[in-house]
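Take a look at the structure below.
All ligand and atom numbering here is 1-based and tracks the order in the structure.
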Amino acid sequence: MKNKVIVTGGCGYIGSHTVVELIENNFEVVIIDDLSNSSKKTVERIHDITGVLPNFINVDLKNELETNTVFKKHKDAQLVIHFAAHKAVGESVAEPLKYYQNNLYSLLNTISAQSQNGINNFIFSSSATVYGLPETLPITEKTKTQRPFSPYGNTKKMAEEILDDLTKSNHEFSAISLRYFNPIGAHESGLLGELPNGIPNNLMPYITQAANGNIEKLMVYGNDYPTKDGTPIRDYIHVVDLAKAHVIAVKRLLNKEHEKPLEFFNLGTGIGYSVMDVINCFENTTGVKLNYEFTERRAGDVPQLYAATTLAQEKLGWTAEKGLHEMIKSSWDWENNINN
Ligand code: WQD
């Protein structure tokens, strides 16, 4: 009998890569997704990669009744991984209520519906943005969290506080919050990746769209930071490495190996790359010369963010394996494949 995992937002970028790894680790997967920032085609692509068609249910988790119904139907699941959320930092600054309503109502309905149906294991898609402007680097899980610079980031921090209160009151309920640094890259098949539709949110899709001419020029937001080349430094991590960490966290909870009702793990490589490092690596990897221009800093950006990876290594036995070259090559292959 396979263990069943419910994956909310499972048609999204990180969710879909995680569903592939779960299926390849012999889990039965139910995807709940409202397709507000993803496509149903992703379900077929997961089928193409794994040979298994996951159960897909189109539900808006802000709808409490629909959410309760779907969790009642799948009360034989053992665990929920919750990816479903809006994630565009800039948009969240412009439309904070949209982010607080969507990200928090979805979270509250999900954890309420699952615990009402006896599903008491929860993995949360969090973000390094909960650390705000860190006082020291590298960032460990003990680094003090601060008020994030965006409503998007604040919904992640508030979610972790909700989980803290819940696991303190409901001793049946266990959770792991995974704090991602900068996920980039795509599945080696070229069938899954960061959706290239519309205006990208993050650096990598801007680079690949500038490289293939979808956008005229890459704007580099500031080269006057206190870093080696003046551009901000981030800890880029391959989305497949991230997905593999989720499977390990699932097994940790199902095998009751967790040491506290709520655990936090940074998921990064521990290596910081500047924007210019990424641009140079892209040009060397693909042979494509990027058209870019230095402009003003972007509000809310911090000079440097990179992870201490020791806790995930020690407790999960996980470390990221893929380097920047592979992250970039897979992103470029995805962009070319999806546009052909
Ligand atoms: C990276 C660097 C930009 C675009 C955010 C969220 C985080 C996570 C990842 C979801 C920065 C620079 C970018 C461009 C640029 N979100 N940049 N030109 O802001 O580090 O993190 O996305 O999981 O929670 O906070 O990522 O990719 O937007 O930016 O110069 O066109 O690239 O200034 O230094 P960020 P990013």
Might you work through the salt bridge (charged side-chain N to carboxylate O under 4.0 Å, His left out) test for K251 and E257, ending with a clear yes or no?
-> CA-CA 8 Å; K251 292 175 179 174; E257 291 162 355; over 6 Å; no
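Shortest contact from atom 7 (C) of ligand 1 to any protein heavy atom: S127 OG, 3.7 Å. Closest to atom 9 (C) of ligand 1, if we only count protein heavy atoms, is N202 ND2, 3.7 Å. Nearest protein heavy-atom neighbour of atom 31 (O) of ligand 1: Y206 CD1, 3.2 Å. Protein heavy atom at the shortest distance from atom 17 (N) of ligand 1 is Y221 CD1, 3.6 Å. Nearest to atom 12 (C) of ligand 1 among the protein's heavy atoms is V275 CG2, 3.9 Å. The protein heavy-atom contact nearest to atom 21 (O) of ligand 1 is N182 ND2, 3.6 Å. Here the protein heavy atom with the shortest distance to atom 2 (C) of ligand 1 is Y236 OH, 3.7 Å. Closest to atom 25 (O) of ligand 1, if we only count protein heavy atoms, is V89 CG2, 3.6 Å.
Of the candidates I279, V278, D301, V302, D301 brings a heavy atom nearest to atom 33 (O) of ligand 1.
Clustering ILVMFWY residues whenever any of their side-chain heavy atoms sit less than 4.5 angstrom apart, transitively, puts F71 in the very cluster that holds I111. Cluster membership check: W332 shares its hydrophobic cluster with L218, using side-chain heavy-atom separations under 4.5 Å among Ile, Leu, Val, Met, Phe, Trp and Tyr.
Ionic pairing of E194 and K87 is present here: one or more N-O contacts between side-chain nitrogen and carboxylate oxygen are shorter than 4.0 angstrom.
Taking the ring centroids of H246 and F83, they lie under the 6.0 Å cut-off.
By the criterion of a heavy-atom distance under 4.0 Å, the backbone of M219, and not its side chain, is placed next to ligand 1.
In this structure the side chain of L133 reaches within 4.5 angstrom of the side chain of F149, judged on heavy atoms. At a threshold of 4.5 Å between non-hydrogen side-chain atoms, the residues Y180 and I237 do not count as touching. By the 4.5 Å heavy-atom criterion applied to side chains, R297 and Y221 are not counted as neighbours.
Where the criterion is an N or O separation shorter than 3.5 Å, residue side chain and backbone included, L203 meets it with respect to ligand 1. Considering backbone and side-chain atoms together, V220 places no N or O closer than 3.5 Å to any N or O of ligand 1. The shortest N or O to N or O distance between Y180 and ligand 1 is not under 3.5 Å.
Residue-ligand proximity: Y273 is placed with every non-hydrogen atom at 4.0 Å or more from ligand 1. Using a non-hydrogen distance threshold of 4.0 Å, N201 registers as a contact of ligand 1. Proximity of Y152 to ligand 1 is established by a heavy-atom distance of less than 4.0 Å.
Taking both residues in full, the closest heavy atoms of A186 and V240 are given as O-CG2, 4.4 Å, listed atom of the first, atom of the second, then distance.
No side-chain donor from either of K62 and N109 sits under 3.5 Å from a side-chain acceptor of the other. For the 3.5 Å distance criterion, the side chains of N266 and Y131 qualify, holding a donor opposite an acceptor.
Shown in contact with L218 at under 4.0 Å from a heavy atom are these atoms of ligand 1, numbered in order with element: 31 (O).
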